[in-house]
2 protein chains.
Amino acid sequence: MEKNLTSLSDFIDQEIGVKGTKKRAKFDEGFEAFKLGVLIQQARQERGLTQEQVADLSGTNKSYISKLEKDLKDVRFSTLQRIITEGLGGHLEISIKF
Amino acid sequence: MEKNLTSLSDFIDQEIGVKGTKKRAKFDEGFEAFKLGVLIQQARQERGLTQEQVADLSGTNKSYISKLEKDLKDVRFSTLQRIITEGLGGHLEISIKF
DNA sequence: ATGTGACTCATAGTCCGTT
DNA sequence: AAACGGACTATGAGTCACA
């Protein structure tokens with residue numbers, strides 16, 4: 001597990017470039033963005049809600065929730081929070097790691 | 001420490017309202033938004049960077065970084081990530097708690 | 001080195017239809 | 001129920017110039 005993760009890191013380092021390069025930064029960014037959509041989708045499904053329910057609860061709309069989960073649209077930070085607090089009934093934890 | 005945190009939660013529950021109410025959701029949202037500015041500022045200062053350096057590294061501009069840290073502006077999620085990855089050289093960890 | 005008003009144009013978010 | 005596409009536009013993210 002730990003081994004695999006390390007291998008993946010090495011693989012990415014070699015294939016995409018090491019941390020610090022432009023290309024790698026772009027990759028990491030896309031990787032995180034990808035995670036955001038999945039994160040929202042998983043949280044929603046765990047709570048047994050439909051995209052429409054989340055949309056209504058958070059005062060957005062269902063086609064937008066869909067696009068968010070599929071990473072087809074960007075989000076304002078405040079909107080992301082509203083979706084998570086009001087739509088999913090959770091709260092967003094953020095931190096910066098080095 | 002743990003005690004104090006619990007007390008703070010109780011205090012907020014009583015003063016602002018419990019989770020689930022509109023007022024509380026709004027409070028939590030503002031509270032998190034507030035934390036974001038501070039989070040960025042602390043990370044930046046720990047790394048010994050100026051707002052201008054972070055701005056240049058992340059392809060934004062210094063007046064915007066200032067406004068972000070002061071919570072005077074919202075951010076696109078993708079921009080926030082660029083600032084953290086390219087500007088601060090870290091990476092953004094996000095999770096949803098219930 | 002940071003903060004702030006004034007500005008603008010990209011785009012977040014909506015709406016509607018189709019699969 | 002979810003994805004997906006496309007067309008739309010009010011708004012506010014991000015910039016610039018200045019203190």
Side-chain angles (χ1 to χ4, degrees), chain A residues 22 25-26 28-92 94 96, chain B residues 22 25-26 28-92 94 96:
Chain A
K22 263 260 173 66
K26 198 147 186 269
D28 286 340
E29 189 182 315
F31 191 64
E32 285 290 340
F34 171 73
K35 273 175 58 184
L36 179 62
V38 171
L39 194 70
I40 293 170
Q41 185 175 48
Q42 282 182 341
R44 178 178 63 77
Q45 287 173 339
E46 277 168 21
R47 310 228 90 199
L49 297 166
T50 67
Q51 293 178 345
E52 189 165 18
Q53 287 174 314
V54 172
D56 291 344
L57 285 165
S58 59
T60 61
N61 79 67
K62 68 190 182 118
S63 88
Y64 187 56
I65 300 292
S66 171
K67 283 166 187 163
L68 257 191
E69 290 185 358
K70 292 274 157 186
D71 295 301
L72 297 175
K73 282 286 181 180
D74 212 332
V75 215
R76 269 173 234 162
F77 188 75
S78 65
T79 305
L80 176 59
Q81 274 190 163
R82 248 180 40 233
I83 290 171
I84 291 172
T85 55
E86 304 190 33
L88 298 174
H91 91 265
L92 181 61
I94 49 166
I96 301 176
Chain B
K22 263 263 171 66
K26 200 149 186 267
D28 285 341
E29 190 181 314
F31 190 65
E32 285 290 339
F34 171 73
K35 273 174 59 184
L36 180 61
V38 171
L39 195 70
I40 293 171
Q41 185 176 50
Q42 282 182 341
R44 178 177 64 79
Q45 287 172 340
E46 277 168 20
R47 310 227 88 199
L49 297 166
T50 67
Q51 293 178 345
E52 188 165 19
Q53 288 175 312
V54 172
D56 290 345
L57 285 166
S58 59
T60 60
N61 79 68
K62 68 193 178 110
S63 79
Y64 187 56
I65 301 292
S66 170
K67 282 166 189 165
L68 258 190
E69 290 184 358
K70 292 263 157 193
D71 295 301
L72 297 174
K73 284 286 180 182
D74 212 332
V75 215
R76 267 173 236 163
F77 189 76
S78 63
T79 306
L80 175 60
Q81 274 190 163
R82 250 180 38 234
I83 291 170
I84 291 173
T85 56
E86 304 189 32
L88 298 173
H91 90 266
L92 180 61
I94 48 166
I96 301 176

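No experiment lies behind these values; they were computed from the predicted model shown. Proteins come first, then strands; the chains are lettered A, B, ... in the order of their sequence lines, and each starts at number 1.
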Participant: Which nucleotide in the list C:dG13, C:dT4, C:dT14 gets nearest to the side chain of A:Lys67?
Facilitator: C:dT14
Participant: Pick out which of A:Leu68, A:Leu49, A:Thr60 makes a side-chain contact (heavy atoms from CB on, under 4.5 Å) with A:Val54.
Facilitator: A:Leu49
Participant: Base, sugar-phosphate or nothing for B:Asn61? Non-hydrogen atoms, less than 4.0 Å.
Facilitator: base
Participant: I want to confirm an ordering. Mapping B:Arg76 and B:Tyr64 to their closest nucleotides on DNA chain C, which one lands closer to the 5' end?
Facilitator: B:Tyr64
Participant: When you measure from the side chain of A:Ser66 to the backbone of A:Lys62, do you find a donor-acceptor pair of N or O atoms at a distance under 3.5 Å?
Facilitator: no
Participant: Round to a whole Å and report the spacing from CG of A:Leu72 to P of D:dA7.
Facilitator: 16 Å
Participant: Could you tell me whether A:Thr60 contacts a base, only the sugar-phosphate backbone, or nothing, with contacts defined as non-hydrogen atoms closer than 4.0 Å?
Facilitator: sugar-phosphate
Participant: Any base atoms under 4.0 Å from B:Ile65, or only sugar-phosphate, or nothing? Heavy atoms, all strands.
Facilitator: nothing
Participant: Whole Å only: how far is the CG atom of B:Asp71 from the P atom of D:dA13?
Facilitator: 12 Å
Participant: What is the distance, to the nearest angstrom, from the NZ atom on A:Lys62 to the C1' atom on C:dC15?
Facilitator: 11 Å
Participant: Any side-chain N or O of B:Ser66 less than 4.0 Å from the OP1 or OP2 oxygen of C:dG3?
Facilitator: yes
Participant: When you match B:Lys73 and B:Thr50 each to their closest nucleotide on DNA chain C, which lands nearer the 5' end?
Facilitator: B:Thr50
Participant: Short question: side chain of B:Gln53, backbone of B:Thr50 - any donor-acceptor pair under 3.5 Å?
Facilitator: yes
Participant: Checking side-chain contact (heavy atoms from CB on, under 4.5 Å) between A:Ile65 and each of A:Gln41, A:Gln51, A:Glu52, which is the one that passes?
Facilitator: A:Gln51
Participant: Could you tell me whether a side-chain N or O of A:Arg82 sits under 3.5 Å from a main-chain N or O of A:Ser58, the two making a donor and an acceptor?
Facilitator: yes
Participant: What is the separation between atom CZ on A:Arg82 and atom C1' on D:dG12, rounded to the nearest whole Å?
Facilitator: 14 Å
Participant: Rounded to the nearest angstrom, tell me the gap between atom CD1 in B:Ile40 and atom C1' in D:dG14.
Facilitator: 14 Å
Participant: Let me spell it out: for each of B:Asp74 and A:Lys70, pick the nucleotide of DNA chain D with the closest heavy atom. Which residue's pick is nearer the 5' end?
Facilitator: A:Lys70
Participant: Would you indicate, yes or no, if C:dG13 has its OP1 or OP2 atom less than 4.0 angstrom from a side-chain nitrogen or oxygen of A:Ser63?
Facilitator: no
Participant: Determine: side-chain N/O of B:Arg44 to OP1/OP2 of C:dT2, distance under 4.0 Å, yes or no.
Facilitator: yes
Participant: Can you measure A:Leu68 atom CG to C:dG13 atom P for me and round it to whole angstrom units?
Facilitator: 8 Å
Participant: Looking at B:Gln51, I'd like to know whether one of its side-chain N or O atoms comes within less than 4.0 Å of OP1 or OP2 on C:dG3.
Facilitator: yes
Participant: Mind calculating the distance between CG (B:Asp56) and P (D:dG14) to the nearest angstrom?
Facilitator: 16 Å
Participant: Measure from CZ on B:Phe77 to P on D:dA13 and round the result to the nearest Å.
Facilitator: 16 Å
